[in-house]
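Here the structure comes first, spelled out in C-alpha cells, and everything after it is commentary.
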Amino acid sequence: MALSGYFVITDISGYTEYLTRSELDHAQDILQSLFDAQLEVIKYPFVISGFRGDAIFMYVPETNFVAAQSLLESLENLYIAFSATLEQIQYRTTCTCRACKNMGALDLKMCVHFGEYVIQKLGDREELLGADAIVPHRMLKNEVIEKTGIRAYAVFSEAAAQALQLQELMQPLIPHAESYEHLGEVKMQVFDLREVWKRAQAGRRHFIPPEDSWVQYEIDLPYPPSLVWDYLSVPALEARVLGLDSVERTDQLGGRVRADAGFHCAHGDAHFYAKIVDWKPFDYYTFLQKMEMFGSVEYYQMRHITPTDYGARLLVRLSAPESGASEELRGQFQGLVEIFGNIRTVMDEDAAAQKMTVR
C-alpha cells in the first residue's frame, strides 16, 4: 500500500572542494564531526533511509507528527546543531593547516519533497520505492546559490510547501524553479537557514532550575519527545489535555508559535494570559502567565521534555509569584499542574484511533 510523507536530504555545501584542497586526515575528522552532529539530532519523526557520500537521506511519514510547525523546527534544530558544531571546532582549533583554515567555507543545505512511497524490505534493510522518493535527489542539483546568493538553505518543492502550509510558517521565502530530465519543471521555495542560526544565537534563556521550582509535576510517557511537545504546544491539543474551554492567540505575530507569542486560555470563569519568553522546540518552553482565579497571580511556567528509554519524561515547573505565595495557594497550584497527567489518556486515545504513528 502506498504511503504519504516527506523526503528530506541534508548535504554539506562545499564538501568536494574542501576535501580536494585540504589535508585528508584533518578534513575527514572535521567532516565526521559535522556528520555526527546531524545524526545526534535526527530522531523521531525522521526515519533514516540511507547515506549518499556527504548526504543523509531520510523520510517522515505524514502520521509521524501532528503539527507542520514541528517538522520545520526539527529541520531547524538540525541546522543549529550543525552550525554550533562547526563554530565549536573553529573556536577550539589552533591548527593552521588548510583543512582547519578553510572549514568556515562549509555549510549545510536541505532539500524537501512531499509525495507517495512504498517500503520494500531487503533482508534487514528497508528501501523506499516511488518516483517521489527520487525528486529530492534531483533537487540537490540546482542553481540556488548562483541565483540567490544563499549558501545555507532549505529548498522545498511546491508539493512540500503546500502540504506544510509553508507560507504561513516560514518567512521570507524565495520562489525558485529548476528543470530536470523526466521530471520537467519543479517549482520550489527557498529559505535562508542562516536566519535560523542568527535567531538561535540571539535567543533568550529562561529555564527554571530545581532550586527555583515552587510547584512541579512529572510524568513518564511512552511517546517520542516531539509528539509530546505537540500535545503541549498545539492549542487544540493543549486544550484537550488541560480540559480548557478555549485557547486563542492574542499576539499580532501571525504564523508559527514562537517566543513572544501570547495566549488567552479559559476554563469556566478561570482565565489565563500567557506570553512565551523562551522557546526551545522539543526540549522546553517557558512562559510568563497571569491567572485570574485565585486573585490576580503572575508566575513563570516551564514545560520540559527529556527523552527516556521508554519514551519521554514531562516535567512541569512553576516559579513562585512575586507576591502572595502562601502555602494555601501553593497547594491549589499543585492541584492545577497535576491536570497534566491527562496527557497520557489523550495521547493513548489518539494512538488507538491511529491519529498518529509511533515507530
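Residue numbers run from 1 in the order of the sequence given.
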Check step by step if ring pair (Phe, Tyr, Trp, His ring centres under 6.0 Å) holds for F272 and H264. CA-CA 6 Å; F272 306 80; H264 168 224; 8.9 Å; no

Using atom types as modelled and distance alone, determine if a side-chain donor or acceptor of D230 lies under 3.5 Å from a backbone N or O of V66. yes

Main-chain N/O of R138 paired with Y180 side-chain donor or acceptor, under 3.5 Å: yes

Determine the minimum heavy-atom distance between Y285 and S233, stating which atoms define it. OH-CA, 3.9 Å

Can R240 and D350 be counted as an ion pair, charged N to O under 4.0 angstrom? yes

Please step through salt bridge (charged side-chain N to carboxylate O under 4.0 Å, His left out) for the pair R258 and D260, ending with a clear verdict. CA-CA 6 Å; R258 57 192 188 275; D260 294 327; over 6 Å; no

Is a donor on one side and an acceptor on the other found under 3.5 Å between the side chain of D245 and the backbone of G268? yes

Output, in order, the C-alpha distance, side-chain angles, deciding distance and verdict of ring pair (Phe, Tyr, Trp, His ring centres under 6.0 Å) for W279 and Y284. CA-CA 7 Å; W279 181 258; Y284 75 94; 9.9 Å; no

Taking everything shown except E40 itself, do over 12 heavy atoms lie less than 6.0 Å from its CD? no

For E185, does the CD atom sit with more than 12 other heavy atoms under 6.0 Å from it, leaving out its own atoms? yes

Does the ring centre of F114 sit less than 6.0 Å away from the ring centre of Y6? yes

Applying ring pair (Phe, Tyr, Trp, His ring centres under 6.0 Å), run through F207 and H304 and close with a yes or a no. CA-CA 9 Å; F207 186 93; H304 186 206; 5.1 Å; yes

Do the side chain of T286 and the main chain of H206 share a donor and acceptor less than 3.5 angstrom apart? yes

Here the pair of heavy atoms bringing G262 nearest to D251 is N-OD2, 2.8 Å

For E116, is there any backbone N or O sitting under 3.5 Å from a side-chain donor or acceptor partner on S4? no

Has Q334 got a side-chain atom pairing as donor or acceptor with Q216's backbone, closer than 3.5 angstrom? yes

Short side-chain to backbone donor-acceptor contact, S319 and Y300, under 3.5 Å: yes

Do F191 and V155 have side-chain heavy atoms sitting under 4.5 Å apart? no

